[in-house]
Amino acid sequence: MKAILKYTIFILLSIAVITSISPTITFANEESASKIRITEWQLHPGNDEDNQIPPADGWITVRENEKEPVLPKGTSSMWVKIQLPAKSDSHSGLLVNKAYAQNVYAYIDGKLVYESIRDHYYDVNKFVIPLDGPINETLYIHLVNETGNIGIKGFVFGEYTSLYRNMLLNDLPDIILGAAFIFVAAIMFFCMIFLKKVHVSGWKSLSLIILSLGCLLILYSPFLYSVYEEYGFFFATGTDLSINVLFPALFFFLETIFGRGKFALVRIIKYYALSLITLSTIGLGINIVTDNAYYSIYYLLTTTLFAIGVIGGGIIFVGLLVVHSLKKQKDAIIVSIGFGIFILLAVFDMFQYYAASRNYEFIYWKWGIVCFILSLVITLGRQIVLSFEKVVTYSKQLEIFNNELQRSEKMDMISQLAASVAHEVRNPLQVTRGFLQLLEEKSISNKEKNYMLLAINELDRASEIITDFLTFAKPQLEHVTLLNIANEFKHIGSILIPLVNLQGGQLRLDIPDHLQIQGNSSKFKQAFINMIKNSIEALEGNGEIEIKGYRDDHKVVVHIKDNGIGMTETELAKLGEPYYSNKTKGTGLGLMVTFSIIEVMQGDIVFKSRKGIGTEVIITFPAA
């Protein structure tokens, strides 16, 4: 899944780079020897939609670098007069870079040389008028648009084939980018079958966003309307449907990533988007059935509602993203960057649209969309990866929990068995020891005395094991007092230092006087004597045992570190298990008792060891 996300981002970035450097027609190219830019023409606004004869007077001169004149209110048609340059090329043409009109007619000497009639309301035109034979004539262009969005600009005179090819190449990046989006969406829909149910919602909504944007980029481009003019109605209808899908899919995705938001504002916007798509689809169906009889009402209503939704939703989400970004949430920061770029470019396009009296084609928003889509893909990828990591973490924690549960059950069974056996065996042992002592005192032979002493020592050893059993079975602290750690370790050191010296090692204590915990002094000593004795027995030659303590927030931490023989990971994992010991005569009960005592004192114990290097024990208690 990580690879799919990486490839998706790579494809989007590659397409963005390719389309940004693709060949386009520019006015710099148009100033070559084979092309002549028309820098001056004349306009005549009106409402004579059916008139085929240009007016005789009242023309307004327009120059390329000057601001276009403001058209009278209610203008629904316009005549354009262009003086063509003298040229004897039989394959000449005039490129009209932008013409905003539903119907376009071009005349020379009263003869119709170009015509474009649309049965839909996509009014962005880009075309090349063929001009045959010697040219030194006046060209009249008649524009008609019922919506009032009317205008024309960008005239280039030159060889027809070259102009037509460059016109198509100029719009080709939109087609490439849109096709790339659709391709990515198709891959994502296919990959959805491999996702877990929890990820399907976000993945599906993001796929719909990318799909609708791809369709929008293709269907809004003048390329299709120039090449396949007879299918313009279907392209315009597809554009409306793409917008209808995009709006709710976007809010579905954002709700998946960031939740419902405060006061459920995200969900409210989502339902608003669903209502808008329902209303728009119904209105679109009515217009199709009635041959666009109510298009002006449909256009005004849906455009207004869409603008309200975009502005309101944008404000809500910007606020939401700011709040989450201030909390340093990476997903919010990533989406904020992409969404911010998209909003800025979209607002700039809308500003240009209204500043030019709607005589403007939206061009910058698509690059904002690329940035926004990339941020959404990255965010969704992070969500899936984090979710996977959580599953792995939960699995590890569950395994640890199960191991602890099994160990706890084993310890409970052993505790019950130990308590019952210890009580039943201790009394017979004491009686037997007493009789052996009497026999040893009355014995005359040294050989018999040695036998008796050996038997008494073994009985004492058995009694110590039984005492360990009882301590393990009932580790409750009988007398809990305030313990000074330094004083306790001084007493422990006085007991164990001679044993360390006998082994040829050293014991170093570094315990501050201010460390205090709640516990039982005898149990505390028993636990640490067991651990330190293990370190002493692990020393080889001139070994060293270092014991240090310190306070960490509300905890008292004690480290016991030696440079003895150490343990392997397998041996570490078995520490504290019944009857497991690295010593020849060990029973494993000592560490079991130590674990029980520290657990009762609300402490934690961690062993770290490497074979041949040494062992470190870290014990943590709540500070008093």
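For this chain, numbers begin at 1 and follow the sequence in order.
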What distance do Thr239 atom OG1 and Tyr220 atom OH have between them, rounded to the nearest 0.5 Å? 9.0 Å

Quick one: list whatever passes ring-ring contact (aromatic ring centres under 6.0 Å, His included) with Phe235, sequence neighbours left out. Tyr225

Please tell me if the side chains of Cys215 and Ile182 come closer than 4.5 Å, counting only heavy atoms from C-beta onward. yes

With sequence neighbours excluded, tell me which residues meet ring-ring contact (aromatic ring centres under 6.0 Å, His included) with Phe190. Phe194

Please walk me through it: do Cys191 and Ile187 pass side-chain contact (heavy atoms from CB on, under 4.5 Å)? CA-CA 6 Å; Cys191 295; Ile187 293 176; 4.0 Å; yes

Check the pair Asn166, Leu95 against side-chain contact (heavy atoms from CB on, under 4.5 Å), reporting the backbone distance first and the verdict last. CA-CA 10 Å; Asn166 287 337; Leu95 168 66; over 6 Å; no

Quick one: sort the Phe342 and Phe372 rings into parallel, tilted or perpendicular, breaks at 30° and 60°. parallel

Are the side chain of Arg165 and the backbone of Met167 linked by a donor-acceptor contact shorter than 3.5 Å? no

Check salt bridge (Lys or Arg N to Asp or Glu O under 4.0 Å) between Glu40 and all other residues, then give those that pass, not counting sequence neighbours. Arg63

Could you tell me if the side chain of Leu213 sits less than 4.5 Å from the side chain of Ile210, heavy atoms only? no

Ignoring hydrogens and geometry, is there a side-chain-to-backbone donor-acceptor pair from Ser221 to Ile218 under 3.5 Å? no

Check whether any side-chain heavy atom of Lys98 sits under 4.5 Å from a side-chain heavy atom of Lys126, and report yes or no. yes

Between the NE2 atom in His554 and the OG1 atom in Thr620, the distance rounded to the nearest 0.5 Å is 14.5 Å

Are Thr161 and His91 packed together at the side-chain level, in the sense that at least one heavy-atom pair is separated by less than 4.5 angstrom? no

State which residue, out of Asn103, Asn125, Asp123, Asn145, fulfils the side-chain hydrogen bond (donor to acceptor under 3.5 Å, both in side chains) condition with Arg118. Asn125

Using every non-hydrogen atom in the two residues, find where Phe607 and Leu572 come nearest and quote the distance to one decimal. CB-CD2, 3.6 Å

Ser242 OG to Leu208 CG distance, which is reported to the nearest 0.5 Å: 11.0 Å

I'd like to check the side-chain hydrogen bond (donor to acceptor under 3.5 Å, both in side chains) partners of Ser226; sequence neighbours left out, ordered by chain and number. none

Could you label the plane-to-plane angle of the Tyr160 and Tyr164 rings as parallel, tilted or perpendicular, counting under 30° as parallel and over 60° as perpendicular? parallel

Tell me whether Glu569 at atom CD has more than 12 heavy atoms from other residues, nucleotides or ligands lying less than 6.0 Å away. no

Which of these passes side chain to side chain contact (heavy atoms under 4.5 Å, CB included) with Leu211: Phe181, Phe189, Phe183? Phe189

Side chain to side chain, Val156 and Asn97, heavy atoms closer than 4.5 Å: no

Leu94 and Ile38: CA distance, side-chain angles, deciding distance, side-chain contact (heavy atoms from CB on, under 4.5 Å) verdict: CA-CA 9 Å; Leu94 179 72; Ile38 307 297; 4.1 Å; yes

Quick check for you: to the nearest 0.5 Å, what is the distance between Lys153 atom NZ and Tyr100 atom OH? 4.5 Å

Result of checking Thr39, Val80, Ile129 against Phe155 for side chain to side chain contact (heavy atoms under 4.5 Å, CB included): Val80

If I take atom CD from residue Gln102 and atom OG from residue Ser76, how far apart are they, to the nearest 0.5 angstrom? 10.5 Å

Quick one: closest heavy-atom pair of Pro69 and Leu43, and the distance? CG-CD1, 4.1 Å

Nearest heavy-atom contact between Pro222 and Val124 is CG-CG1, 4.0 Å

So Ile308 and Tyr272, do their side chains get closer than 4.5 Å, heavy atoms only? yes

Excluding sequence neighbours, so at least two apart, what forms side chain to side chain contact (heavy atoms under 4.5 Å, CB included) with Leu241? Thr237, Asn244, Leu284

Sorted by chain and number, sequence neighbours left out, side chain to side chain contact (heavy atoms under 4.5 Å, CB included) with Thr75 holds for Pro45, Leu71, Pro72, Ile150

If you measure from OH on Tyr105 to CD1 on Ile117, what distance do you get to the nearest 0.5 Å? 4.0 Å

Which heavy atom of Leu345 sits nearest a heavy atom of Gly368, and at what distance? CD1-N, 3.3 Å

Given side-chain contact (heavy atoms from CB on, under 4.5 Å), test Val104 with Ile152 step by step and report yes or no. CA-CA 11 Å; Val104 180; Ile152 194 168; over 6 Å; no

If you compare all heavy atoms of Ser207 against all heavy atoms of Ala185, which two are closest, and at what distance to 0.1 Å? O-CB, 3.6 Å

Any chance CZ of Arg610 has more than 12 other-residue heavy atoms, nucleotides or ligands included, within less than 6.0 Å? no

Side-chain donor or acceptor of Gln329 paired with backbone N/O of Ala332 under 3.5 Å: no

Ala101 and Val144 have their tightest heavy-atom pair at CB-O, 3.6 Å

